[in-house]
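Down below is the structure, laid out as structure tokens.
For ligands, and for the atoms within them, numbers begin at 1 and follow the listed sequence. Worth saying up front: this structure is predicted, and the values here are computed from it rather than measured.
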Amino acid sequence: MSQEEVSLEARLEEQEAFEPPESFVEQANVADPSIYEEFEENWPECWERAADLLSWEEEYDTVLEDGDAPFYEWFTGGELNASYNCLDRHVEDGAKNRAAIKWEGELGETRTYTYGELLNEVEAFAATLRDLGVEEDDVVTLYMPMIPELPVAMLACARIGAPHSVVFAGFSADALATRMNAADSEYLVTCDGYYRRGDALDHISKANEGLEGVEHEVSDVVVVDRLGDALSHSLGDNQHDYDELVEEHEGASVDPVSRDAEDMLFLMYTSGTTGEPKGVKHTTGGYLAYTAWTSHSVLDIKPEDTYWCSADIGWITGHSYIVYGPLALGTTTMMYEGTPDYPEKDRLWEIVEKNRVDVFYTAPTAIRAFMKWGSQYPEEHDLSSLRLLGTVGEPINPRAWKWYYKHIGDEECPIVDTWWQTETGGMMITTLPAINTMKPGSAGPPLPGISAKVVDAEGEEVSAGKAGYVTVDKPWPGMLRTLYKNDERFIEEYWDEYSDEEADEWVYFPEDGAKIDDDGYITILGRVDDVINVSGHRLGTMEIESAVVGVEGVAEAAVVGGDHDVKGEAVYVYAIPEDGYEGNDELGERVIEGVVDAIGPIARPEEVIFTPELPKTRSGKIMRRLLEDIASGNELGDTSTLRNPEVVDDIEEQVAGD
Ligand code: WTA
């Protein structure tokens, strides 16, 4: 580093607040600070601003219906179709030839769908689904990687009013079966395989294995041929080739069905405290309005932009901010199939340069990996097209924030650190990029109209600097409406903790810890339930534990998250071998395999530690906090309340010995 660079790094390191650049403010979609007041004074009617970004077939009568809280309803009486809003209206407005999706495969091939072409393919696939017998409100499962047919299938489902349930392609066969069973889903769209680090990965075998675990009859399976000759596969009895079907239905015209604002748009299964994944239900009007609004106000997306969110559509981030929000605004949204370091560690920057990407949204784990690889990779490319950067999924440490700001944004792009969840549908806590000062490490204030607070265990707001829990005490349009077919669990999981049912005061509890500062900026500290966040992916420790105890030779197990430089958190397994088994490498390998088989490679344990006992309190509860500290290499607190303090030394020695 030159002298100049060294002093620049030193200055950045100390700087704690950053102002939005003037050049950004001048062109921003939302730049007037009075928006906060406007939303507060005019709540809930302020949300009409979000609804106004959509085209309604039937105007709504009421913005918010709260008579049956916390089963809130938004924009009631309104009717619309999400696929119409994401496609037809842009074509009608003259954007037929604008790129809607620009896709790049891992091997370098590219495909561009204009709005006109995307609409045609969506109609052809919607007609296909109808022909297969899919009716309004039937749940269609989509088990697909990052190929354009995934958003096509999502929008085709939306067009005919069939909710989709996307299962992340990296999830296992078991996970697919569990989700199809939970949703009673009789239709599956999947593909033969995809590319990862240059290798053709077989996906269809996993899908077929999953189908064997589905308890009801599956009517039809549509298979996209992504790999051509690279993988030969044969189709089963009720399995069809995507291209053939789409070709047959080429030119079909399928009117978008009118959906009630509160009709389900999709289901998304996510991890929670117990082993059973939660089926988060999102609706057509509120969700689409909210994702469009946050794409407009936070991501500053304009129709003429090329926008890129590098998440996977298999997670909520991809649903909201690759597909629905950006397409509702008529912009060009990018999709990339592969990994960021294939064939070289500059792959993402090459894509940014080649496509003149304006807005880039990624996860802190990716930024930490870029940092580790070094700034020479982005430096090889012209990134001057970038105007705004964003992060999501986990807390970002100030060092990574500043690296992103300097080496990707060239100190000219604001960064939005956006806190939200599968359940919230869209962003909740973040700075508005043209309005607020940025403070690295702190997500920022709640968005206009969002009433997020940091409270103590009693629900009292904590003073600045003290740790507490995030709560949201007013509803918002993008919120989940319930857990699919499980209203009771919906209340238990999200509302029981802080609400006063008798007073009809409902408070949403996201299960995140946080701090707030004097300016009302919220710093998220992480999950306070048994969910761990590996590379921005949300995993339930209970699901992993049940996979571990399912392995022959394991008697008992505790799974915790431990700090990890790049992943944020990593999975650590503490296991007690069954009598007659030894806690050796062979059993360790089988535990790892068991977890990967049950959930997927993202849940691969970092380490399996065998122990004759787990540290337990006198009342018999496993001391997870202690196991987390051991995994993270933290100083251990008081262990005297343990029933079996001696096991701690034993475990620590093992971990240190690796
Ligand atoms: C965490 C992803 C800190 C948080 C959109 C939340 C974050 C969980 C941030 C939801 C952020 C998300 N800063 N933590 N900017 N964004 N989280 O459902 O713990 O996959 O509860 O949704 O990710 O994960 P989910």
Side-chain angles (χ1 to χ4, degrees), residues 166-168 170-171 267-273 277-282 287 290-291 294-295 298-299 309-322 324-325 361-368 389-398 400-401 404 415-431 438-447 450 452 454 467 469-472 478-480 483 493-494 508-516 521-541 543 561 567-569 602-603:
V166 178
V167 178
F168 174 57
F171 273 144
L267 267 179
M268 164 122 260
Y269 283 89
T270 188
S271 299
T273 302
K278 308 190 272 196
V280 170
K281 175 182 160 181
H282 282 295
Y287 171 84
Y290 198 69
T291 51
T294 43
S295 297
V298 181
L299 295 172
C309 164
S310 73
D312 191 294
I313 295 176
W315 305 97
I316 192 70
T317 303
H319 278 54
S320 301
Y321 299 111
I322 297 178
Y324 287 112
Y361 190 35
T362 194
T365 183
I367 299 167
R368 288 191 297 266
L389 301 173
T391 76
V392 57
E394 41 170 337
I396 180 163
N397 44 312
W401 192 102
Y404 194 35
I415 296 179
V416 284
D417 169 1
T418 61
W419 176 88
W420 59 290
Q421 310 179 295
T422 305
E423 291 86 343
T424 69
M427 302 159 175
M428 300 286 283
I429 301 176
T430 169
T431 51
M438 296 164 269
K439 301 187 194 182
S442 175
L447 279 172
I450 298 297
V454 181
Y469 306 95
V470 184
T471 55
V472 189
M479 69 197 303
L480 80 165
L483 292 177
E493 293 264 358
Y494 305 108
Y508 172 80
F509 180 44
E511 308 207 68
D512 268 356
K515 284 189 312 194
I516 190 159
Y521 276 50
I522 296 174
T523 297
I524 304 294
L525 300 171
R527 302 284 307 191
V528 294
D529 57 0
D530 295 321
V531 167
I532 53 182
N533 194 328
V534 179
S535 302
H537 297 152
R538 184 167 154 183
L539 301 171
T541 49
E543 287 164 73
K567 299 179 186 173
E569 277 187 294
I602 42 162

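Annotation: Q421 places an N or O atom under 3.5 Å from an N or O atom of ligand 1; distance criterion only. The shortest N or O to N or O distance between T317 and ligand 1 is not under 3.5 Å. Considering backbone and side-chain atoms alike, E423 places every N or O at 3.5 Å or more from each N or O of ligand 1. In terms of polar-atom proximity, defined here as any N/O pair under 3.5 Å, T391 makes no such contact with ligand 1.
The single protein non-hydrogen atom nearest to atom 10 (C) of ligand 1 is W420 O, 3.6 Å, given as residue, atom name and distance. Given atom 16 (N) of ligand 1, the protein heavy atom at minimum distance is G393 N, 3.1 Å. Looking only at protein heavy atoms, the nearest one to atom 25 (P) of ligand 1 is T422 OG1, 3.5 Å. Atom 24 (O) of ligand 1 has its closest protein heavy atom at R538 CD, 3.6 Å. Counting only heavy atoms of the protein, atom 11 (C) of ligand 1 lies nearest to E394 O, 3.5 Å.
In summary, the aromatic rings of W315 and Y269 are positioned with their centroids too far apart to meet the 6.0 Å limit. Aromatic ring centres of Y494 and Y508 lie closer together than 6.0 Å. Aromatic rings of F171 and F168 (six-membered ring for Trp) have centroids within the 6.0 Å cut-off, being under it.
Remark: the backbone N or O of N533 is paired with a side-chain donor or acceptor of E569 at under 3.5 angstrom. Formation of a donor-acceptor pair under 3.5 Å by the S535 side chain with backbone atoms of H537 is not found in this model.
In this structure, R538 does not pair ionically with E543, as no charged nitrogen and carboxylate oxygen lie closer than 4.0 Å.
Residue contact check: V392 has heavy atoms under 4.0 Å from atoms 5 (C) of ligand 1. Near T418, the atoms of ligand 1 lying under 4.0 angstrom from a non-hydrogen atom of the residue are 9 (C), 11 (C), 15 (N), 16 (N).
Between M428, R527, H537, it is R527 that holds the heavy atom closest to atom 21 (O) of ligand 1. The closest non-hydrogen atom to atom 19 (O) of ligand 1, taken over I316, D512, N533, comes from D512.
Between Y290 and M427, the closest side-chain pair of non-hydrogen atoms is not below 4.5 Å. Side-chain contact check for W420 versus S320: some heavy-atom pair is nearer than 4.5 Å.
In the model, T362 has no side-chain atom that pairs as donor or acceptor with a side-chain atom of Y404 under 3.5 Å.
A443 does not count as a contact of ligand 1, since none of its heavy atoms falls under 4.0 Å from the ligand. Ligand 1 lies nowhere less than 4.0 angstrom from a heavy atom belonging to W315.
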Going through the checks in order, is the salt bridge (charged side-chain N to carboxylate O under 4.0 Å, His left out) test met by E394 and R368?
-> CA-CA 12 Å; E394 41 170 337; R368 288 191 297 266; 2.9 Å; yes
